[in-house]
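Ligands are counted one by one from 1 in listed order, and the atoms in each one are counted from 1 as well.
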Amino acid sequence: MANVEQPLAQTPVQDRALDRDCTTLSRHVLQQLQSFSAEAQDLSALMTRVALAAKLIARRLTRAGLVEDALGFTGRVNVQGESVKKMDVYANQVFISVFEQSGLVCRLASEEMEKPYYIPENCPVGRYTLLYDPIDGSSNVDINLNVGAIFAIRKQEGEDLDGTAQDLLQNGHNQIAAGYVLFGPSTMLVYSIGKGVHAFTLDPSLGEFILSSEDICIPEHGPVYSVNEGNFWQWDESIRDYIRYVHRHEGYTARYGGALVGDFHRILFQGGVFLYPGTVKKPEGKLRLLYESAPLAFLAEQAGGRASTGTQPILDVIPKQLHDRTPLFIGSKEDVALVESFIQEREREQQDQMAAARA
Ligand code: P6P
């Protein structure tokens with residue numbers, strides 16, 4: 001038998017490091033599905049395109065302070081009634097560009113676009129829709145603080161011949177993949193295809209997202225509560241009761257970065273709860289269901305956490321419109337349940353008062 005050259009021996013640590021560096025996002029998706037079926041290949045290709053979008057946006061953000069016309073406002077207002085930043089426009093277009101000619105995505109629905117964007121050459125063969133918030137927390141862009149992008153992938157149902165994408169108005173259990181990109185000191189991509197939550201860190205020297213945390217689990221309880229207390233005067237009494245509770249009990253700490261992705265990322269790893277309740281000005285809440293709350297709720301539940309409107313699991317909510325908003329309470333099971341208990345208590349008191357008034 002010919003003398004087969006044995007590879008030079010590496011230490012187990014060296015072997016593990018090399019294997020990790022070879023665990024790219026596309027490989028991980030296929031490993032997760034344990035399949036090379038057409039659908040598995042589609043998902044792997046979709047995630048690879050999301051990763052490309054993340055790299056392009058990260059590159060722009062890293063140099064934003066040096067590039068003409070990268071920062072500041074466009075002077076326009078989007079469908080949400082929010083002032084549009086130049087980075088919002090750029091990032092929105094990046095997602096469109098990376099999915100054109102992909103043959104995969106027929107429609108893109110974004111916080112920045114009133115109606116879904118159709119890629120005719122991909123329709124109707126393209127079986128997937130990307131829902132995304134291209135830059136979440138864009139108020140942080142001009143001050144070089146962390147921002148994020150949030151995405152969800154759904155399968156198109158029916159032909160959508162009237163171009164109104166009514167099939168997107170379904171609950172969050174219809175998401176086949178969801179995740180976010182955190183543009184922070186490092187760029188991280190966190191995703192789930194329904195088989196746990198996994199985090200990848202961009203290695204700029206490789207231009208690849210490399211697996212950094214697998215099967216992430218949110219602690220049952222954590223010290224962090226993340227909320228904009230400047231809205232205290234606008235909240236329902238039940239939320240004020242919860243805030244008074246955490247103010248008066250040891251073991252809680254407030255963290256609020258003004259960008260949902262960064263605030264959620266902290267809670268995903270350290271536990272706690274993020275709250276964006278309804279307010280006097282926005283009784284339905286500020287955060288958008290289809291491309292902010294539902295994707296993060298998918299991740300939270302996959303990681304053993306919880307996500308609620310305060311009275312209903314986020315993943316059960318069926319939107320009436322593409323840009324519907326919901327209140328959001330998301331994070332550790334015990335901490336979300338504690339917030340819900342204050343809401344339920346107030347509801348009981350109100351029902352008792354109404355019953356007493358009728359008696
Ligand atoms: P507020 C950013 O505009 C965003 O949509 C989320 O990223 C963030 O959690 C929230 O709004 C911040 O809103 O009212 O506290 O400034």
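- For K155 and D167, the salt-bridge test fails: no basic side-chain N is under 4.0 Å from an acidic carboxylate O.
- Between Y180 and H265, the ring center distance clears the sub-6.0 Å criterion.
- Taking the charged nitrogens against the carboxylate oxygens, R306 and E340 do have a contact shorter than 4.0 Å, which makes a salt bridge.
- Protein residues having a heavy atom under 4.0 Å from any atom of ligand 1 are D136, G137, N228, Y256, G258, A259, L260, F274, Y276, K286, L287, R288, E292, listed by chain and number.
- The two residues F298 and A178 have their closest heavy-atom pair at CD2-CB, 3.7 Å.
- A salt bridge links D241 to R346: at least one charged side-chain nitrogen sits closer than 4.0 Å to a carboxylate oxygen.
- Ion pair D69/K86 flagged as a salt bridge, since at least one NZ, NE, NH1 or NH2 atom sits closer than 4.0 Å to an Asp/Glu carboxylate oxygen.
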